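Beneath this line is the structure, given in structure tokens, with notes to follow.
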Amino acid sequence: ASFGFTLIEVVVSISLVALLSGALLVGFQGAQRSSSARHAAEEFAGFLRETAALAVNGVKDPSCGPGPSCSQYVVSYTSGSGTYDRKSVGVASGVVQTLPPGTTFSASGSLTYSLAPPVLTVDAATGRLSPADTLPVPVAHVSDPKSSRNVCVGGTGSVFVTKATC
């Protein structure tokens with residue numbers, strides 16, 4: 001009786017382990033990119049919620065003079081960039097934020113939040129969003145467009161993140 005393994009058995013076993021390891025690594029990298037895009041979308045959604053709260057509460061930018069437009073806020077984002085900003089209407093500069101590394105916006109646009117009592121309204125570049133409208137703002141990992149998440153902005157300031165369409 002012979003004990004041990006033949007050279008062929010050892011080579012086949014090592015090949016199978018290498019093949020399975022490679023498949024797991026590829027799957028892990030895809031999951032990591034998807035998680036990164038989801039995190040970036042959630043971060044931007046939180047920024048939009050904060051902006052809506054500023055407008056609803058009538059918080060005025062300290063560098064803005066007296067006037068009702070000082071509690072209206074514009075959020076801008078640029079395609080191919082991970083940078084977005086919020087500034088009060090009538091103010092030259094504001095708060096600038098950056099998405100996590102490796103993530104970017106897949107579209108450009110701006111949103112204006114203003115309180116028209118008793119309702120918060122949101123205007124996009126295409127015009128005022130009705131209460132039933134939602135505007136998708138796509139966020140993706142730069143090396144994997146399939147990892148895209150939509151930050152869906154409603155006409156009354158509601159915000160949610162989804163992988164599906166808004």
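Hydrogens, waters and symmetry mates are skipped; everything else that's a heavy atom, side chains included, is used. Keep in mind the model is a prediction, meaning the values are calculated, not measured.
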Would the distance check show the side chain of Ser148 and the main-chain N or O of Ala140 forming a donor-acceptor pair, the cut-off being under 3.5 Å?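 A pair under 3.5 Å: no.
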
Compare every heavy atom of [Y] with every heavy atom of [X], then report the nearest pair and how far apart it is.
X      : Y      : answer
Thr162 : Cys152 : CG2-SG, 3.7 Å
Gly157 : Ala52  : O-CB, 4.5 Å
Ala55  : Leu115 : O-CB, 3.6 Å
Ser110 : Val74  : CB-CG1, 4.2 Å
Thr104 : Gly82  : OG1-N, 4.2 Å

Under the ring pair (Phe, Tyr, Trp, His ring centres under 6.0 Å) rule, what pairs show up with a residue in residues 92-123, not counting sequence neighbours? Phe44-Phe105, Tyr77-Phe105, Tyr84-Phe105

Nearest 0.5 angstrom please: [X] [atom1] to [Y] [atom2], how far?
X      : Y      : atom1 : atom2 : result
Gln72  : Asp123 : CD    : CG    : 8.5 Å
Ser106 : Arg149 : OG    : CZ    : 12.0 Å
Leu16  : Ser21  : CG    : OG    : 10.5 Å
Gln32  : Asp144 : CD    : CG    : 11.5 Å
Leu135 : Cys166 : CG    : SG    : 7.5 Å
Leu99  : Thr83  : CG    : OG1   : 7.5 Å

Not counting sequence neighbours, which residues clear side-chain hydrogen bond (donor to acceptor under 3.5 Å, both in side chains) with Ser143? List them please. His141

Is any side-chain heavy atom of [X] less than 4.5 Å from a side-chain heavy atom of [Y]?
X      : Y      : value
Leu120 : Thr156 : no
Glu9   : Val12  : no
Val75  : Asp85  : no
Phe47  : Gln97  : yes
Val122 : Val153 : yes
Phe160 : Asn150 : no
Pro100 : Glu43  : yes

Is it the case that the side chains of Ser36 and Thr103 hold a donor-acceptor pair, with the cut-off being a distance below 3.5 Å and no angle test? no

Pair Thr51-Arg86, side-chain donor/acceptor within less than 3.5 Å: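 Thr51 vs Arg86: donor-acceptor pair found between side chains.
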
Exceeds 12 heavy-atom contacts within 6.0 angstrom, atom CD1 of Ile8: no

Can you check side-chain contact (heavy atoms from CB on, under 4.5 Å) on Leu111 and Tyr73, steps first, answer last? CA-CA 8 Å; Leu111 301 164; Tyr73 291 91; over 6 Å; no

Do Val151 and Val159 pass the side-chain contact (heavy atoms from CB on, under 4.5 Å) test, and can you show the C-alpha distance, the side-chain angles, and the key distance before you say yes or no? CA-CA 7 Å; Val151 178; Val159 178; 3.8 Å; yes

Can Ile14 be reached from Phe5 by stepping across I, L, V, M, F, W or Y side chains whose heavy atoms are under 4.5 Å apart? yes

